[in-house]
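Remarks on the structure that follows.
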Amino acid sequence: MTASSPFKTNLKQMKKIFTTFSVFTLLSFLCISFAFAQDITIKGVVRDGGDQTTIPGVSVQVKGTTRTVQTDVAGNYTIEAPANASLVFTYVGMATREIPVNNRTTIDITLSADAQELEAVVVVGYGTQRKRDLTGAITSVKGEEIEKLPNINPMASLQGRVAGLTIVNSGTPGAAPTVRIRGVNSTNGADPVYVVDGVIQSNIDYLNAADIETIDVLKDPSSIAIFGIRGGNGVIAVTTKRAARGQTRVAYQGSVGMQRVLNTIDVTDADGFKKLYSAQLANSNAAPFDYTNYTANTNWQDLILRTAAQHNHSVNISNTGEKSTTLINVGYNNQDGVLKYGNFQRYVARVNEEIRINNNIKIGADITGNHYITQGSGASLNGALWSAPIVPVQFDDNTYYSMPSFQRAQVGNPIEALNRTNGNSVNKGYRAVGNIFAEIRFLKQFKWRSAFYTDLSFNGSRGYTPLPNRIINLGEGTSPTDTTFNQNGRTSVRQEQSEFRKYQQDHTISYDSVFNKNHRINAVVGFTSLYEGSQNINGSRTDTTLNIPRDPQFWYLGIADPSNPGNFGGGGSDNAIMGYLARVSYGYKDKYLLNASIRRDGSSRISPANRFRTFGALGLGWVVSEEGFFENIKGLDFLKLRGSWGTVGNTNGLGQNYYQPNLVQSGIGVFGENIFTSVSPAFLPDPNLKWETTRGIDIGLDLRAFSNRFSAEIDVYNRKTVDIISRITLPGSFGGNTAYYTNLGSISNKGIEVSLGWNDKIGSDFTFNISPNFSYNKNNVESLGPDFNFTLTGNDGANRTISGLSIGHFYGYRQVGVYQSIADLESRPAFANSLVGDIAYADLNGDGVITTADRDILGSPMPSVTYGINVNMGYKGFDLLLQGQGVGGNYIYTQRRTGRFAVLNYESNRLDAWNGAGTSNVEPVLDNARANNYLFSTYYMEPGDYFRLRTVQVGYNFNKEMLGKVSLKGLRVYLSGQNIQTWSKVSGYSPEAPLGSVLGGGADNGVYPLPAVYTFGINATF
C-alpha cells in the first residue's frame, strides 16, 4: 500500500480529528473545573404561594447539571452552585420556577399551583409535545387521579372523565372494561390500541394503577395517524412512573374494601310463583300442579350472591444517583366476586433503570412482571333467576333437592352447581413486558433513540369434574319422593396451555430547536416493526375405570388411561407489521402552529398487492391570545383555535390471511369399508383485499378565562371509515353458507365534545374544582356495498346492520298493546295464529296483517350521549371528591326474559299478566307455548339511560410539619364509596349492558352485577 493510499490519508485525518477532539475535551474539563471552583453555598426556604406553608420534597437543581437536592421537612434547602448559575425548582402540581443566582447566598421562593398547565407535556406518537402546541384532540389524565380510586384495571377509573370516551365496566373480578373512542368505526372490532411507554398493546391488564404517571387519550385522526394501521379506533398512551431526579422516596398505597350488590332482579317468591304457574296451567287447559311437597320459599339470588372483600396494595421505591435513576414498584390485588367463590389475584412487579453515561448518552431498561390467579364461580346468574323458589336447597353436604319436573331436565339446583364446582379449576398466567433503549444526543438539537420491546405471556388452566351428588326428587301427584344418583357419572380432567409472543423495535431520530426565540421546530423520523404470535393446545379426558381424586396435583391429562375418551385441540397465529414514519411540528412565536405527519405501513394480514399503504395528517393552530389586539380583551387569558385532518389504517379485529385459501373439515363419505373426510373452503378469499381506512377532520377550541380559573375545550369532528372488511355469505355457494371476506362499504361518526373546568378558592383555606364534560356521537353505516346492500345480524337477528342506519341497531316489532277480546283481535292486524291475550304489534306497512315486514328500528345499543362531572374540594387538610357519570340515547335488550325452553321462574312484571279483558295492555297472557309473544319487540326493550353517583370520597392529609417528626413526607387517609347510587329504568343488575360485540351489543343475558364498593385507604410517603 503506497503512502498516498486513501487508507493512510483517512488515518491521518482521523488522528488529526482525534487530537483536536482531545484538546477540546481537555479545555472543556478545565473550564468546567474552573467554573465549579467558583461555587458558592446557597440556602433558602420554599413556601406555598397560597397558604405560605413550607413545602418539603421540592427538587432544587443547578440548571444544566445533574446536581440536585431537595427541601427537608421544613422546606429548607442547601446547595452548591456557581455564582452565575440558575436554580430550577420543581414540585408535582406546582409551576416550575427558574431563578438566577446572581451571587446571592440566600434565595427564598414561593411556588404557585400550575393552574394553566399549558406547558404540560402530553404524549404524542413517538414523542411528546407541549399541550399549548397541540393541534389535535388529546385529553390527558394524571396518574394521581387514577390512583385515588380502588379499581384494579386503570381504565375503569377513566369512566366519566374524558369526553368522547365510552367505558362499560363489569363487576366480574379482574375483568377489563369495554372501551370505545368516538363510537364504532368498523364491523370487525372497535377496541383502541394501547401504547405503554412505547409498547403497542391490546390491553393494560398487566399494569399496576398506582404505577401510572399519565394516560393520554388520542382521539382524532391527526393525532393517531402516525400510529398507522393500529390507530384506526383511537389510541390510549400510558406513561408509567419514573424516579424523580434528586429524590429518594418510598411510597405506600393500600386500600381495603367491601363490595355489595345493592339491587337484585325482582323475581317472584313462592306464593307469587304458585299463583302464576297455576294460571299458566289453567290457560293451557293443563291439570293443576301438586305443590304438597314444595313448601320452601327459596331466594336463590341471596344464596349465590355475597358481600365480597377486595384489597389493593402498592409499594413504590425510587432513588436517584449522580448518574442513574431507579424505580421499583410492587403491587398486589385481591378481589373476591360478589358471585360466590369467584376470586381474582394479581401480583405485579416493575423495575425501571435509567443511566446517564454523560450529558449526551442515556441508556435504560424497564421490565414488568405480572402473575394472576383466577377462580370462577360455578353458579349461574340466570340459573338463580330461573330456578323455582318453591324448592328447598339441600338435605346434607352431598344431597341436594332437584327442581320440579317441569324444569328438572333444563335447570339445575344453583347451590348444588356452586358447591360441586367450587375449587375445581386452577387458572394461572404469567406475563413479562420489557424494553431496553439507548438515547444519544448529538449536534445539540438531535437525538437518536433505539428501543427494543418484548411481551411474553404464558397461561395455563387445569380443571376437574367430580362425581355427581345425590339428588332428591320430591314427590308430585302419584310419583313418590325418591333419591337418585347418576351411576353413569365419571370424573374427568382438562388442560389448556397458551402462549403469546410480541417483539417490537423502534428507531427514531428527532430534532428539537428554537431559532431566534420565535421559531420552534420539533421533528422525528423513524422505523418500526412489530411481530405477534400465539399458540394454544387443549384437551380433556374422562376416566371410565378409576375415580380421579379431587386434588389439583392429579388434574393432568396423563392421570387418566390414554384409552379413555377425550377431546383435543389446538391452534396458533402470526402477524407482522412494518412501518416508516415522520412528523414535524412548527410554531411561530407560540402563535401559529403546524403539525404534519406521514406513515407508510405494511401488514402480513393484507394481500401482497395492497400490503403497503401511506397515511398522513395535517393540523393547524392559531393561538389568538398571542395577538396584539387580544390585550384589549378583558377576562380571557388564553384562546386557541385548531383544526386537523388525517387518515389512518385499521387491521384491529381482523383474522389471519383472509386473502388466502383456507380449508376446513366437512362431510364424511363412506366407500365400502373406508371412511373419508372431505374438506371445503373455510371462506372464499379475496386476492385484492386492502386496508380499512379512517379519515376525518376535527375542529377545536381551547379557552382559559378569569385569571385561568375557567377552562374549556370544545371539539367538533367528522370521521369516516371506508373499505370496511366485511364477512358476507354468498347465496347458493357450497350449500349457501360459505363466507366471503372483502372490502365493502363505509361507516361514519360525527359528534361534538365539550370539557369545562372551574378552579377557584374561597378565602385562604377552601379550594374547589368543578370539571363537567359532555359528548354526542352519531354513528351511521353509510353503505355496505356499492351496488348491493347486505344485512349483518347479531343476537339471532335482534341486532341488524344495514346501510343508512347505526351499526348493530335493534330491529324488531313494536308492541301496541294486548288483544283484549275476540272482537278486538278480529278488528286489528295480527298474525294468522294470534290469540286473545297475545301481544299486539304495529302494522307498519298497513297491509292489515302482521308479518316480518312490520319490523322496525328499535334503537341503538350504543349511547349517543355520554357525560360526567368531577368535583374536588379542599379545606385545610380535608379533601372531598365527587364523581358522577351517565349515558343516554341507548337501549337494552332484556334477553334473559326470553327463555321458554322450560317453565322458568317469573320476573315480578309478570304478576300483572293479562288474565281477562282490561286486565293488562302491556303484559301478555301466561303461556310460554305462544311463540308470538317471544318475538323480539319493544316488550323486551328498556331505555339504557342512567346517571350514576360514581364516587364519593373524603380524605385527610396530615400536617406536613407534624409528619416530619415521624419521618413521613406525606400521609393521607380516606373513605370512599363507588357506584353507591344509580338512577335508571333498567330491571337488571346494571344498566351497563355489554358492548364487546360490535354487531350484537346491548343484550342483558345475565349481566354480572356491578357492585357498590366501600373502601378505606391510606397513602404514605417516606
Side-chain angles (χ1 to χ4, degrees), residues 280 283 781 789-862 889-901 904 906-907 909-910 912-915 917 919-945 985-988 993 997 999-1005:
Q280 180 169 323
N283 290 336
V781 179
N789 186 31
F790 288 98
T791 298
L792 305 176
T793 61
N795 272 331
D796 296 323
N799 298 82
R800 185 184 68 161
T801 299
I802 62 170
S803 299
L805 297 168
S806 64
I807 192 169
H809 62 265
F810 292 117
Y811 182 64
Y813 299 93
R814 292 192 175 275
Q815 182 185 20
V816 294
V818 173
Y819 298 116
Q820 301 293 327
S821 62
I822 293 178
D824 183 32
L825 175 62
E826 292 176 345
S827 65
R828 301 169 68 177
F831 286 105
N833 59 345
S834 292
L835 299 173
V836 174
D838 284 353
I839 294 176
Y841 299 113
D843 178 20
L844 297 181
N845 65 359
D847 63 359
V849 295
I850 303 299
T851 66
T852 56
D854 292 306
R855 289 177 295 173
D856 194 13
I857 300 107
L858 305 183
S860 172
M862 281 290 297
N890 63 305
Y891 288 86
I892 294 174
Y893 171 27
T894 57
Q895 196 172 31
R896 66 178 191 278
R897 291 179 170 178
T898 61
R900 64 187 189 98
F901 52 85
L904 308 174
Y906 308 91
E907 293 192 25
N909 60 297
R910 298 299 280 143
D912 297 324
W914 183 92
N915 60 7
T919 55
S920 176
N921 203 35
V922 176
E923 296 293 333
V925 66
L926 289 160
D927 188 347
N928 66 352
R930 300 195 188 185
N932 289 343
N933 294 327
Y934 291 88
L935 297 172
F936 177 60
S937 71
T938 53
Y939 173 74
Y940 294 105
M941 299 289 292
E942 292 178 341
D945 311 45
K985 295 182 180 180
V986 302
S987 57
S997 171
L999 298 178
D1004 179 353
N1005 196 18

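Keep in mind that this is a model prediction, so the values were computed, not measured.
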Closest heavy-atom pair and its distance - Ile822, Val836: N-CG2, 3.5 Å
Parallel, tilted or perpendicular: ring planes of Phe831 versus Tyr841, cut at 30 and 60 degrees: perpendicular
To the nearest 0.5 Å, what is the distance between OG1 (Thr898) and CG (Asn1005)? 6.5 Å
Non-hydrogen side-chain atoms of Thr793 and Leu999 separated by less than 4.5 Å: no
Taking side chain as C-beta onward, heavy atoms only, is Asn928 less than 4.5 Å from Leu904? no
Please lay out, stage by stage, how Asp843 and Ile850 fare under the test side-chain contact (heavy atoms from CB on, under 4.5 Å). CA-CA 6 Å; Asp843 178 20; Ile850 303 299; 4.0 Å; yes
The reported gap from OG in Ser806 to CZ in Arg800 (rounded to nearest 0.5 angstrom) is 10.0 Å
Decide side-chain contact (heavy atoms from CB on, under 4.5 Å) for Asn833 and Arg930; before the verdict, give the C-alpha distance in whole Å, the side-chain angles of both, and the deciding distance to 0.1 Å. CA-CA 9 Å; Asn833 59 345; Arg930 300 195 188 185; over 6 Å; no
Output, in order, the C-alpha distance, side-chain angles, deciding distance and verdict of salt bridge (charged side-chain N to carboxylate O under 4.0 Å, His left out) for Glu942 and Lys985. CA-CA 7 Å; Glu942 292 178 341; Lys985 295 182 180 180; over 6 Å; no
To the nearest 0.5 Å, atom CE of Met941 lies from atom CD1 of Ile892 at 9.0 Å
Shortest non-hydrogen contact from Pro924 toward Ala913: O-CB, 3.5 Å
Tyr811 and Ile857 have their tightest heavy-atom pair at CD1-N, 4.1 Å
For Asn795 and Phe936, what are the C-alpha separation, side-chain angles and deciding distance, and is it a side-chain contact (heavy atoms from CB on, under 4.5 Å)? CA-CA 10 Å; Asn795 272 331; Phe936 177 60; over 6 Å; no
What's the shortest heavy-atom distance between Val849 and Asp854, and which atoms? O-OD2, 3.0 Å
Taking atom types as modelled and ignoring hydrogens, do the side chains of Asp838 and Ser834 form a donor-acceptor contact shorter than 3.5 angstrom? no
Can you tell me how far apart CD1 (Ile839) and CD (Gln815) are? Round to the nearest 0.5 Å. 4.5 Å
Does Asp796 have more than 12 heavy atoms from other residues, nucleotides or ligands lying within 6.0 Å of its CG? no
Could you pull out the closest heavy-atom pair between Asp927 and Tyr934, with the gap in Å? O-CE1, 4.3 Å
Considering all heavy atoms of both residues, which atom of Gly988 and which atom of Asp1004 are nearest to each other, and what is their separation? CA-OD2, 3.7 Å
Taking atom CG of Leu858 and atom OH of Tyr891, what is their separation to the nearest 0.5 Å? 9.0 Å
Distance check, rounded to the nearest 0.5 Å: Tyr813 atom OH versus Asn932 atom CG? 8.5 Å
